[in-house]
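Take a look at the structure set out below.
We use all heavy atoms of the structure for the numbers below, so side chains are in, but hydrogens, waters and symmetry mates are not.
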Amino acid sequence: MSKRLAEVARKVGVSEATVSRVLNGKPGVSEATRQAVLTALDVLGYERPTKLRGERARLVGLVLPELQNPIFPAFAEIVGGALTQNGYTPLLCTQNAGGVTESDYVDLLLAQQVSGVIFLGGNYTQGDAAHAHYERLRQVNLPTVLVNARVPQLRFATVSTDDAAAAEQAVLHVHQLGHRRIGLLLGPDDHVPSQRKLDAAQRLLERLGDPLRPDLVVRGMYSLESGQAGATRLIAAGATAIVCASDPMALGAVRAARRAGLAVPADISVVGFDDSALMSCVEPPLTTVRQPIESMGRAVIELLLSQIAGTNPVGDELLFEPEARASARPPVPRSDPSHP
């Protein structure tokens with residue numbers, strides 16, 4: 001008890017006596033200080049005394065890593081609409097470089113006494129990222145659902161597109177068209193969805209007798225600019241088809257191809273991932289692997305509501321089958337003596 005008082009007092013910047021008065025419901029403490037002490041209890045993972053718990057607000061945090069990739073607003077629209085239909089108000093929490101972090105948002109949402117949190121991509125997808133704030137959610141047993149593959153040690157309910165199946169569909173499609181120099185444009189080394197895609201592509205190409213060349217795998221960030229830079233390297237390495245881990249990266253690959261004097265898909269095939277609204281603006285349409293975001297969104301809501309009701313075991317991952325939309329073409333012979 002004394003350890004808890006000391007930790008909370010340090011967190012808030014008040015005396016242990018003040019914390020004790022709040023916990024025991026005694027007068028003589030301002031409302032602002034009382035709320036700060038209760039918030040500190042939540043953040044530090046201590047349970048509030050029964051008489052101070054109250055009911056959680058009918059708010060649900062939607063934490064997004066960005067808004068530039070259209071897949072995240074599309075997910076947020078589906079999930080947010082379903083939350084509203086079920087009587088909950090979504091709180092949109094968007095990260096930005098050098099700004100509010102995921103950990104900061106967790107503190108904010110705990111302070112708001114939200115009923116649950118939905119993460120639409122985030123630190124949990126990367127092995128080397130900070131994960132301590134997820135433990136705070138675990139300690140207070142807050143209903144939480146993750147969208148996209150997570151690191152194994154974080155046991156939260158998860159909804160994912162089957163990344164392995166997505167990679168197999170994309171790679172097999174261009175391989176069947178005759179492409180043998182297939183490049184992969186993926187996310188960072190510690191990114192779980194990208195690693196699943198890479199492992200599946202390697203296994204498939206090994207079975208097909210065309211092992212993946214190391215110089216045809218390029219890592220980057222999920223942006224158009226990173227896609228362009230990575231695709232430039234793959235084109236220089238002789239790739240005739242490029243399978244990308246996101247649609248913005250695929251658009252960057254198209255730009256790189258055009259600046260290299262290549263037409264898509266006549267001279268080089270590019271495959272995206274998500275089938276977001278961006279893809280409808282490309283002429284001719286790119287081959288892309290569609291995430292079934294409507295059915296995934298419904299599953300997210302079901303998992304969250306069942307946790308709120310106390311009827312759902314956490315820790316499972318639901319995998320949804322992707323769907324390819326094809327427009328790639330067979331490879332065009334290119335003079336490249338260094339890459340037979």
Side-chain donor/acceptor of T18 to backbone N/O of E16, under 3.5 Å = no

Would you mind reporting whether R255 and L224 have side-chain heavy atoms less than 4.5 Å apart?
-> yes

Measure across A231 and A253 and return the closest heavy-atom pair with its distance rounded to 0.1 Å.
-> CB-CA, 3.5 Å

pair I301-V145: side-chain heavy atoms closer than 4.5 Å | no

Per side-chain contact (heavy atoms from CB on, under 4.5 Å), Y134 is matched among R150, E102, Q153 by E102

Any link between L262 and I242 through a network of hydrophobic side chains (Ile, Leu, Val, Met, Phe, Trp, Tyr) touching at under 4.5 Å?
-> yes

State, to 0.1 Å, how close P143 and Q307 come at their nearest heavy-atom pair, and which atoms those are.
-> CA-OE1, 3.3 Å

Would you check if there is a donor-acceptor pair between the side chains of S246 and N69 at a distance under 3.5 Å?
-> no

Do any N or O atoms from the side chain of E168 and from the backbone of A201 form a donor-acceptor pair under 3.5 angstrom?
-> no

Checking side chain to side chain donor-acceptor pair (under 3.5 Å) for the pair S103/D107: CA distance, chi angles, key distance, verdict?
-> CA-CA 6 Å; S103 180; D107 289 346; 4.7 Å; no

Enter the distance from H191:NE2 to D189:CG here, rounded to the nearest 0.5 Å.
-> 11.5 Å

Applying salt bridge (Lys or Arg N to Asp or Glu O under 4.0 Å), run through D162 and R196 and close with a yes or a no.
-> CA-CA 9 Å; D162 190 331; R196 289 182 177 182; over 6 Å; no

Do V243 and L186 come close enough that some side-chain heavy atom pair is under 4.5 Å?
-> no

Heavy-atom check, side chain of T158 versus side chain of L318, under 4.5 Å = no

If only atom types and distance count, is the side chain of S226 paired as donor or acceptor with the main-chain N or O of S223 below 3.5 Å?
-> no

Please determine, by modelled atom types, if T161 and R290 share a side-chain donor-acceptor pair under 3.5 angstrom.
-> no

Any P188 side-chain heavy atom under 4.5 Å of Y222 side chain | yes

So how far is it from L142 CG to Q113 CD, rounded to the nearest 0.5 Å?
-> 9.0 Å

Counting distance only, does the side-chain N/O of D104 pair as donor-acceptor with the main-chain N or O of V100 below 3.5 Å?
-> no

Where the side chain of T232 meets the backbone of Q228, is there a donor-acceptor pair that is under 3.5 Å apart?
-> yes

Where the side chain of D190 meets the backbone of D128, is there a donor-acceptor pair that is under 3.5 Å apart?
-> yes

Output the distance between atom CG (L251) and atom CD (E225), rounded to the nearest 0.5 Å.
-> 10.5 Å

Nearest-0.5 Å distance, CG of residue L303 to CG of residue D316 = 8.0 Å

Greater than 12 external heavy atoms within 6.0 Å of E317's CD | yes

Under 4.0 Å between a Lys/Arg side-chain N and an Asp/Glu carboxylate O for D215 and R233?
-> no

Path from I293 to L319 over hydrophobic side-chain contacts below 4.5 Å | no

When you look at I71 and D247, which way does the side-chain contact (heavy atoms from CB on, under 4.5 Å) test go after all the steps?
-> CA-CA 9 Å; I71 196 64; D247 284 344; over 6 Å; no

Check whether any side-chain N or O of Y105 sits under 3.5 Å from a backbone N or O of T94 as a donor-acceptor pair, and report yes or no.
-> yes

So which heavy atom on S194 is nearest to which on G187, and how close?
-> OG-N, 2.9 Å

Any side-chain heavy atom of S115 sitting closer than 4.5 Å to one from L59?
-> no

Work out which heavy atom in L205 is nearest to a heavy atom in V171; give both atom names and the distance.
-> CD2-CG1, 3.7 Å

Below 3.5 Å, can you tabulate the donor-acceptor pairs from side chains in residues 78-88 to any protein atom, sequence neighbours excluded?
{"from": "T84", "atom 1": "OG1", "to": "G80", "atom 2": "O", "distance (Å)": "3.0"}
{"from": "N86", "atom 1": "ND2", "to": "A82", "atom 2": "O", "distance (Å)": "2.8"}

Look only at the side chain of R219 and the backbone of L185, and say whether a donor-acceptor pair between them is shorter than 3.5 Å.
-> no

Please report the C-alpha distance between F75 and V147 in whole Å, then the side-chain angles of each, then the deciding distance to 0.1 Å, and finally whether the side-chain contact (heavy atoms from CB on, under 4.5 Å) criterion is met.
-> CA-CA 9 Å; F75 257 120; V147 178; 4.1 Å; yes

Taking the six-membered ring for Trp and the full ring for Phe, Tyr or His, determine whether the centres of Y124 and H133 are under 6.0 Å apart.
-> no

I would like to know whether V151 and Q126 meet side-chain contact (heavy atoms from CB on, under 4.5 Å); could you show each step before the answer?
-> CA-CA 7 Å; V151 295; Q126 293 187 246; 6.0 Å; no

Interatomic spacing from CG in L286 to SG in C244 - rounded to 0.5 Å | 8.5 Å

Heavy-atom nearest pair, F320 first then A299, reads CZ-CB, 3.6 Å

Check whether any side-chain heavy atom of L91 sits under 4.5 Å from a side-chain heavy atom of V114, and report yes or no.
-> yes

V192 and M221: same hydrophobic cluster, using ILVMFWY side-chain contacts below 4.5 Å?
-> no

Would you call V14 and V19 a side-chain contact if the rule is heavy atoms closer than 4.5 Å?
-> yes

Apply the test side-chain contact (heavy atoms from CB on, under 4.5 Å) to residues F273 and Q291: give CA-CA distance (whole Å), side-chain angles for both, the deciding distance (0.1 Å), then the verdict.
-> CA-CA 8 Å; F273 179 73; Q291 294 200 67; 3.7 Å; yes

Roughly how far, to the nearest 0.5 Å, is CG of L204 from CG of L212?
-> 10.5 Å

For the side chain of R213 and the backbone of A237, is there at least one donor-acceptor N/O pair under 3.5 Å apart?
-> yes

Answer with yes or no whether the hydrophobic clustering places L172 together with L184; edges join I, L, V, M, F, W, Y residues whose side-chain heavy atoms lie under 4.5 Å apart.
-> yes

Short side-chain to backbone donor-acceptor contact, N123 and A130, under 3.5 Å | yes

Nearest heavy atoms of L64 and A76, plus distance in Å | CD2-CB, 4.1 Å

